[in-house]
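Worth saying up front: this structure is predicted, and the values here are computed from it rather than measured.
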Amino acid sequence: MPSSRRGRRATTIAVVGAAAATISALLGVPSASAQSQFPGPDEIVTSSNVKHVANIPATAPLKGTGSTGTDLAFTGDYAIAGNYLGFTIYDIKDPRAPKITSQVLCPGSQNDVSVSGNLLFLSTDSRRSDDSCSSVAQADGTKAYWEGMKIFDISDKRNPRYIRSVETACGSHTHTLVPDKRGKDVYIYVSSYSPAVNISKCQPPHDIITIIKVPLRNPAAAEVVATPNLFPDGGNPGKGSSSNIENPYVVATSGCHDITVFPSKNLAAGACMGDGVLLNIADPEKPRVINRVQDDEHFAFWHSATFNNDGTKVIFTDELGGGGGATCTAKIGPTRGANGIYDITGRGDQRALEFRSFYKINRYQTPTENCVAHNGSLLPVPGRDIMVQAWYSGGVQLVDYTNSQQPKEIGFFERGPAANSAESGGVWSAYYYNGFIYTSDLGKGFDVLEINDPATDLAKSYRWTELNVQTQSTYGR
């Protein structure tokens, strides 16, 4: 078993206290001290209130060529991490000493994961020769291929069992679970994009999401029940996700990258290429767009969304450069490749998104480091809106956006550039779960962080039994 104590914190940088640093953080502009503190290869730096407590590096068979760490889901004392080669179930009963319980080799990007009871859902967003875990890539879109959702039974965490696949048009880049109010079924909102005339089952236009219904007592009966078109007028193409961040290309609109739902409030927020949308999901098979916002001046690629606990705000992320660009530089500035913070105003179908501010990490990265806003989650702190978030090579950021117009940094974790180029890429997901922050790194594996701060300490008393970050629930005030 790999050591869970590899790569403990090498040095500490205090980021809270000095007035200049605080002002810089509020403005989203790096302070002079932050700009000069570039960590060395594999060096770990943190704010004084964040501690790196454990790491499990990428481990065979999910290691080597094709390995890329992706998203996370949680159930009980387990964390489940996706990887382009499959998924890993970690035992986190002792967060300071996590252990690998099992690994499943099942190639197919992105392999985003979510859980519902004893079911695990896995997104496949690449054309494969068939729906098995022994499939091979099928690059030619004119030949027979498969992509979509896979369903596993994980009642035995040491021996996950593949039970069903559901094919979806254009695959499944990401997916979101929507539990029905009776507790008998779960819906999966599948987001996919990049249609092309030379891909037989992914033809443009593609302004839909695919909805799968899964009977919890009979998951083998899962099937597609709806493919609603969210953009009958064609939507907004946006600027695309080209790595040419100075001149992003314009692409045809093609669906959503990610959707986050708030079932108790009948709301969803979609990050849909060139649009940020608010949806009414009172009928989960018939989601309706009730408001759309666009910002082609600042946003290149609407990537993901996070509600606050009251359902009165949404943070949208912009994946400028497609996750491969070095966007955390002075040249790019604080309002591109950033978070856009929106308040939700009005009631019912008159609810609307109103822009309040941008937020970007206040530490410049080197021109060789990919860095942009990515996946994060809320900390369950009563009365506050605090988010932990991954920024690829920019590391992990903790932000208080209780005041929508003045978001501020609370703490951070960051690694320097990977000494081994095969382990480069940075942090894909950073989620808070039962007192600790868990991260999935593209190349470095699975990390555990701890924050000790008066602003966040109340979160430690909250306990989830299951967490899918794109399915938000109220944790109480």
Output yes when a side-chain donor or acceptor of [X] lies under 3.5 Å from a complementary backbone atom of [Y], and no otherwise.
X: D180; Y: K184; value: yes
X: D400; Y: R384; value: no
X: T168; Y: G171; value: yes
X: D94; Y: R96; value: yes
X: T471; Y: L177; value: yes
X: E285; Y: V225; value: no
X: N403; Y: Q405; value: yes
X: T439; Y: V427; value: no
X: N468; Y: V115; value: yes
X: S393; Y: G416; value: no

Show your reasoning for whether side-chain contact (heavy atoms from CB on, under 4.5 Å) applies to L119 and I154.
CA-CA 6 Å; L119 297 178; I154 57 168; over 6 Å; no
So, [X] versus [Y]: side-chain donor-acceptor pair below 3.5 Å or not?
X: S172; Y: S123; answer: yes
X: E414; Y: Q365; answer: yes
X: Q103; Y: N83; answer: no

Parallel under 30°, tilted from 30 to 60°, perpendicular over 60°: which one fits the rings of [X] and [Y]?
X: H374; Y: H303; result: tilted
X: W428; Y: Y84; result: perpendicular
X: Y475; Y: Y462; result: perpendicular

What's the spacing between [X] [atom1] and [Y] [atom2] if we round to 0.5 Å?
X: N434; Y: I92; atom1: CG; atom2: CD1; answer: 7.0 Å
X: F307; Y: K265; atom1: CZ; atom2: NZ; answer: 10.0 Å
X: I209; Y: S192; atom1: CD1; atom2: OG; answer: 9.5 Å
X: L278; Y: N291; atom1: CG; atom2: CG; answer: 6.0 Å
X: S191; Y: D125; atom1: OG; atom2: CG; answer: 10.5 Å

Less than 6.0 angstrom separating the ring centers of [X] and [Y], yes or no?
X: Y359; Y: Y401; value: no
X: F301; Y: Y193; value: yes
X: Y90; Y: Y438; value: no

Think K150 forms a cation-pi with F121, using NZ or CZ under 6.0 Å from the six-ring centre and within 45 degrees of its axis?
no
With R356 as the cation and Y342 as the aromatic partner, state whether NZ or CZ is under 6.0 Å from the six-membered ring centre and within 45° of the axis.
no
Minimum side-chain heavy-atom gap I211-Y189 below 4.5 Å:
yes
Taking everything shown except K181 itself, do over 12 heavy atoms lie less than 6.0 Å from its NZ?
yes
Considering residues, nucleotides and ligands other than R217, do more than 12 of their heavy atoms fall under 6.0 Å from its CZ?
no
Begin from the C-alpha positions of N280 and K286 and carry the test side-chain hydrogen bond (donor to acceptor under 3.5 Å, both in side chains) through to its verdict.
CA-CA 9 Å; N280 183 319; K286 298 178 180 179; over 6 Å; no
Take E409 and K360, measure what salt bridge (charged side-chain N to carboxylate O under 4.0 Å, His left out) needs, and give me the verdict at the end.
CA-CA 9 Å; E409 177 190 87; K360 194 169 183 179; over 6 Å; no
Let me see the working for T174 and H257 under side-chain hydrogen bond (donor to acceptor under 3.5 Å, both in side chains), right down to the final yes or no.
CA-CA 7 Å; T174 65; H257 180 278; 5.0 Å; no
Can you tell whether the side chains of [X] and [Y] come within less than 4.0 Å, N to carboxylate O?
X: R415; Y: D447; result: yes
X: K313; Y: D343; result: no
X: D318; Y: R336; result: no

Option among D258, T317, T260 that satisfies the side chain to side chain donor-acceptor pair (under 3.5 Å) test with S304
T317
